[in-house]
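Working notes, structure below.
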Amino acid sequence: QVQLVESGGGLVQAGGSLRLSCSVSGPTSRNDYAVGWFRQTPGKEREFVAVENWDHRYYVDFVKGRFTISRDNEKNTVYLQMNSLKPEDTAVYYCAATPFLSSSYDYLRTTSYNYWGQGTQVTVSS
């Protein structure tokens, strides 16, 4: 069983920064998968934030220039560095893993991902 565990969430003032971590264990802890970040607020569906498939990084428009996704191969960990945070970034953030996909568009779809973490809360105060 593949396990993804998020950490690093918390309370931060608008304009501040947080770095989220996604620890990956199990058969997926190899270089044949992509890891993405999603977020969700109460009453809304989970939405795509960013993904890295080793060759490319993709970001949703509202985080471009502020968020950066990266990997640490030695630690089997994927990070989401979040800078210039805004109150509207407040959400539960989830990491998810999928085998490499043929269409980049499919990385934006929650249904493309087989494995999910439990989520970590990010709260940005005004």
Side-chain angles (χ1 to χ4, degrees):
Q1 180 68 34
V2 173
Q3 186 174 6
L4 307 176
V5 180
E6 302 95 337
S7 62
L11 176 64
V12 65
Q13 186 176 345
S17 299
L18 286 173
R19 188 179 72 164
L20 306 183
S21 299
C22 177
S23 176
V24 183
S25 62
T28 305
S29 301
R30 295 185 295 272
N31 296 339
D32 58 351
Y33 64 93
V35 173
W37 287 93
F38 295 77
R39 67 188 186 186
Q40 187 171 22
T41 57
K44 299 179 64 177
E45 293 189 357
R46 200 165 297 181
E47 63 181 357
F48 171 81
V49 176
V51 65
E52 182 176 30
N53 65 1
W54 296 99
D55 294 325
H56 300 95
R57 296 175 180 179
Y58 304 97
Y59 301 92
V60 71
D61 286 343
F62 55 77
V63 307
K64 287 182 178 178
R66 299 189 297 122
F67 291 10
T68 302
I69 188 170
S70 62
R71 292 182 185 241
D72 185 325
N73 294 332
E74 296 295 330
K75 296 182 178 180
N76 291 324
T77 300
V78 176
Y79 302 97
L80 184 67
Q81 179 67 47
M82 306 185 295
N83 299 324
S84 301
L85 283 163
K86 305 174 181 180
E88 49 264 44
D89 294 319
T90 296
V92 177
Y93 284 72
Y94 300 86
C95 62
T98 178
F100 294 130
L101 305 173
S102 299
S103 173
S104 60
Y105 175 80
D106 288 336
Y107 286 114
L108 279 61
R109 306 175 72 89
T110 60
T111 54
S112 298
Y113 293 79
N114 299 316
Y115 311 104
W116 292 85
Q118 82 290 343
T120 185
Q121 176 70 47
V122 172
T123 303
V124 184
S125 62
S126 60

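In terms of hydrophobic clustering, with Ile, Leu, Val, Met, Phe, Trp and Tyr side chains grouped at heavy-atom distances under 4.5 Å, Y115 and Y79 are assigned to different clusters. The same ILVMFWY cluster, assembled from side-chain heavy atoms under 4.5 Å apart, contains both V24 and V51. Hydrophobic cluster membership is shared by F100 and V78, with clusters built from Ile, Leu, Val, Met, Phe, Trp and Tyr side chains linked at under 4.5 angstrom.
Closest non-hydrogen pair, Q118 versus V5, comes out as OE1-CA, 3.5 Å. For the residue pair Q121 and A91, the shortest heavy atom distance occurs at NE2-O, 3.5 Å. Across every non-hydrogen atom of G117 and Y94, the tightest pair is O-CD2, 3.6 Å. Scanning both residues, W116 and T110, for their nearest heavy atoms gives CZ2-O, 3.5 Å. Nearest heavy-atom pair across Y33 and A97 is CD1-CB, 4.3 Å. S21 and T77 make their closest contact through CB-CG2, 4.1 Å (heavy atoms, listed as atom of the first residue, atom of the second, distance).
The CG atom of L85 sits 10.5 Å away from atom OG1 of T123, with the distance rounded to the nearest 0.5 Å. In this structure, CZ in R39 is found 14.0 Å from OG1 in T120, a value given to the nearest 0.5 Å.
N83 and S17 are linked by a side-chain donor-acceptor pair at a separation below 3.5 angstrom, with hydrogens and angles left out of the test.
Not counting sequence neighbours, the partners of F48 by the ring pair (Phe, Tyr, Trp, His ring centres under 6.0 Å) test are F38. Take Y58 and apply the ring pair (Phe, Tyr, Trp, His ring centres under 6.0 Å) test, not counting sequence neighbours, and it matches H56.
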Fill in: side-chain contact (heavy atoms from CB on, under 4.5 Å) between Y59 and R66, intermediate numbers included
CA-CA 10 Å; Y59 301 92; R66 299 189 297 122; over 6 Å; no

Practice prompt. Given side-chain contact (heavy atoms from CB on, under 4.5 Å), test E52 with V35 step by step and report yes or no.
Written response: CA-CA 6 Å; E52 182 176 30; V35 173; over 6 Å; no

Worksheet item: Please walk me through it: do F67 and D89 pass side-chain contact (heavy atoms from CB on, under 4.5 Å)?
Response: CA-CA 11 Å; F67 291 10; D89 294 319; 4.0 Å; yes

Practice prompt. Applying salt bridge (charged side-chain N to carboxylate O under 4.0 Å, His left out), run through K64 and D61 and close with a yes or a no.
Written response: CA-CA 5 Å; K64 287 182 178 178; D61 286 343; 3.1 Å; yes

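Residue V122 forms a side-chain contact (heavy atoms from CB on, under 4.5 Å) with just one option from T90, L11, L18, and that option is L18.
A donor-acceptor distance shorter than 3.5 angstrom exists from the side chain of T98 to the backbone of S112, with no hydrogens or angles considered.
For CZ of R57, the number of neighbouring non-hydrogen atoms (other residues, nucleotides, ligands) closer than 6.0 Å is greater than 12.
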